[in-house]
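Notes for the one structure printed next.
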Protein chains: 2
Amino acid sequence: MVSYVRRDSRLSGVLHVLLHMAQKDGPVTSDVLAKALDTNPVVIRRVMAGLRDQGYVHSEKGHGGGWTLACDLSKVTLRDIYAALGSPSLLAIGNRTDTPGCLVEASVNAALDKSFRSAEELLLARLGEVTLAALHADVHTRHAARGHSPRKAKTNG
Amino acid sequence: MVSYVRRDSRLSGVLHVLLHMAQKDGPVTSDVLAKALDTNPVVIRRVMAGLRDQGYVHSEKGHGGGWTLACDLSKVTLRDIYAALGSPSLLAIGNRTDTPGCLVEASVNAALDKSFRSAEELLLARLGEVTLAALHADVHTRHAARGHSPRKAKTNG
DNA sequence: TCTCACGTAACTTACCATGTTGCGTGATGG
DNA sequence: CCATCACGCAACATGGTAAGTTACGTGAGA
């Protein structure tokens, strides 16, 4: 009855991947993406599976294959991506029990749940305000601020 | 470099304990509290250590010993208790890396952090609005709604 | 047909709140 | 003074999950 939850960075990772894909013309292989994120290709495929199933990206096998964007970046928000990952738990703290047999605990649960829910709602709302296009534009802005030419970006890391 | 975090229910547990103590006149032993929370006395002592160090509760050894409240319930909020527990992580999702060597990741981090921070701030603010006294009153309200006499409460669970 | 790249299952690892055991300390009471 | 109680604390065990890894299968291109 103990719910575990590791600090989940899948959303962060997926966004990183999507933005890298947005900077490339052709398909990008899991291997290349894995190197960019300093991780394993299988991890990339695993985490991208949900996005593929929901049509945000497309994958192709064989020579010249890899991952390509299959959506309008200006119409997809971080909240959409979060949902595509299966809407994992947002909060790291929670109630001891969902079905308290004790009035005291029921009272505690009610008070905490109220706060928890409002925080979750706010977070989801904020994620819903940010489009992938906005993020992509931000990357270019940061590049310019670094004194580089916006195109032909070096995309290590 | 992977930050782990189990669904933390210490706040929930501590609040449960404090409210039970508020309903008793004398000291309450870790053993009694442990039975109420269906856990181990050592766990109670461990989680209460922070509260004791910060003066919210008092502990006494020997015969007739146990835990007693040492604060004004109307002046202590859930946020105070949360802080006394060491301000554990609130969010279950986070960035892959805190120090990105990649502009793309920096951009992702910035966007997510903004949302994360606002959610955390809201949650803390909400917790800061609820006093232990309010929770205690809520327990009595729930008791009355159950058709019991407010005093002499049965405090199982 | 060989290589590439994804698809997927199975296993391992890392991490940490919680559970548990054991021993020490101080206070009460006989 | 000694037995008992109750906290203090260190040390170890447990359990669950994201991420890492290995292995094998499938389909597409050269």
Side-chain angles (χ1 to χ4, degrees), chain A residues 1-14 16-17 21 26-35 37-53 57-68 70 85-97, chain B residues 1-14 16-17 21 26-35 37-53 57-68 70 85-97:
Chain A
M1 182 48 183
V2 184
S3 154
Y4 278 76
V5 117
R6 176 200 210 150
R7 179 68 68 110
D8 192 335
S9 59
R10 281 180 296 172
L11 179 57
S12 173
V14 162
H16 192 168
V17 162
M21 286 167 60
V28 189
T29 67
S30 303
D31 222 70
V32 167
L33 293 171
K35 282 193 175 61
L37 295 228
D38 191 36
T39 180
N40 194 292
V42 178
V43 174
I44 299 291
R45 293 188 192 114
R46 185 155 57 206
V47 82
M48 295 290 282
L51 299 202
R52 182 191 57 229
D53 295 346
V57 296
H58 176 71
S59 64
E60 198 94 36
K61 291 181 178 177
H63 278 95
W67 299 89
T68 37
L85 291 176
S87 303
S89 298
L90 291 175
L91 297 184
I93 66 178
N95 288 321
R96 276 185 347 109
T97 312
Chain B
M1 182 49 186
V2 183
S3 153
Y4 278 76
V5 112
R6 180 199 208 150
R7 178 68 67 112
D8 193 334
S9 59
R10 281 179 297 172
L11 178 58
S12 173
V14 163
H16 192 169
V17 162
M21 286 167 61
V28 189
T29 66
S30 303
D31 222 69
V32 167
L33 292 172
K35 282 191 176 60
L37 294 228
D38 191 35
T39 181
N40 194 294
V42 179
V43 175
I44 300 290
R45 295 189 190 112
R46 186 154 58 207
V47 82
M48 296 290 283
L51 299 204
R52 182 189 58 228
D53 294 347
V57 295
H58 176 70
S59 63
E60 198 94 37
K61 291 181 178 178
H63 278 95
W67 298 90
T68 37
L85 291 176
S87 302
S89 297
L90 291 174
L91 296 185
I93 65 178
N95 288 321
R96 278 188 343 113
T97 311

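Per chain, numbering begins at 1; letters A, B, ... match sequence-line order.
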Residue B/T39, side-chain atoms from C-beta onward, closest of D/dG20, C/dC4, C/dG19: C/dG19
Which nucleotide in the list C/dT25, C/dT21, D/dA19 gets nearest to the side chain of A/D8? D/dA19
Quick one: is B/S9 getting a side-chain N or O under 4.0 Å of the C/dT18 phosphate, OP1 or OP2? yes
Select one nucleotide: of D/dA28, C/dT18, D/dA23, the one nearest the side-chain heavy atoms of A/K61. D/dA28
Please give, in whole Å, the distance from C/dT8 P to A/M48 CE? 14 Å
Would you mind telling me which residue lines up with the more 5' stretch of DNA chain D, A/P88 or B/E60, judged by nearest nucleotide? B/E60
Over all heavy atoms of both residues, which pair between A/A34 and A/P41 is shortest? Give the atoms and the distance, please. CB-N, 3.4 Å
What's the closest nucleotide to the A/H63 side chain, out of C/dT3, D/dA19, C/dT18? C/dT3
Students often get this wrong, so: under 4.0 angstrom with heavy atoms, is B/R10 touching a base, only sugar-phosphate, or nothing? sugar-phosphate
Judged by atom type as modelled, is there a donor-acceptor pair below 3.5 Å linking the side chain of A/S12 to the main-chain atoms of B/R96? yes
OP1 or OP2 of C/dG7 versus the side-chain N and O atoms of A/S59: is any pair under 4.0 Å? yes
Rounded off to whole Å, could you give me the CD1-to-P distance for the B/I44 and D/dG8 pair? 12 Å
Residue A/R46, side-chain atoms from C-beta onward, closest of D/dT21, C/dG7, D/dA6: D/dT21
Note, A/M48 side chain near A/S59 side chain (heavy atom, < 4.5 Å): no
Distance in angstrom units between B/M21 CE and D/dC7 P, rounded: 10 Å
Round to a whole Å and report the spacing from CG of B/L37 to P of C/dT20. 14 Å
Test item: B/V32 and B/K35 side chains (from C-beta on) under 4.5 Å apart, heavy atoms: no
Let me spell it out: for each of B/W67 and A/G62, pick the nucleotide of DNA chain D with the closest heavy atom. Which residue's pick is nearer the 5' end? B/W67
Between C/dG7 (P) and A/L51 (CG): distance, integer Å: 12 Å
Can you measure A/N40 atom CG to C/dA10 atom P for me and round it to whole angstrom units? 18 Å
B/T29 side chain N/O closer than 4.0 Å to the phosphate oxygens (OP1, OP2) of D/dA6? no
Please report the distance, rounded to the nearest Å, between NE2 in A/H58 and P in C/dC6. 11 Å
First locate atom CG of A/L33, then atom CG of A/N40, and finally report the distance between them rounded to the nearest 0.5 Å. 12.5 Å
Taking side chain as C-beta onward, heavy atoms only, is A/T68 less than 4.5 Å from A/V57? no
Side chain of A/R45 only, please: which of D/dT4, D/dA6, C/dC6 is the nearest? C/dC6
Reckon B/G64 touches a base, only the sugar-phosphate, or nothing at all at heavy-atom distances under 4.0 Å? nothing
So does B/R96 get a side-chain nitrogen or oxygen closer than 4.0 Å to the phosphate oxygens (OP1/OP2) of D/dA19? no
Integer-rounded Å distance: C/dC4 C1' and A/D31 CG: 11 Å
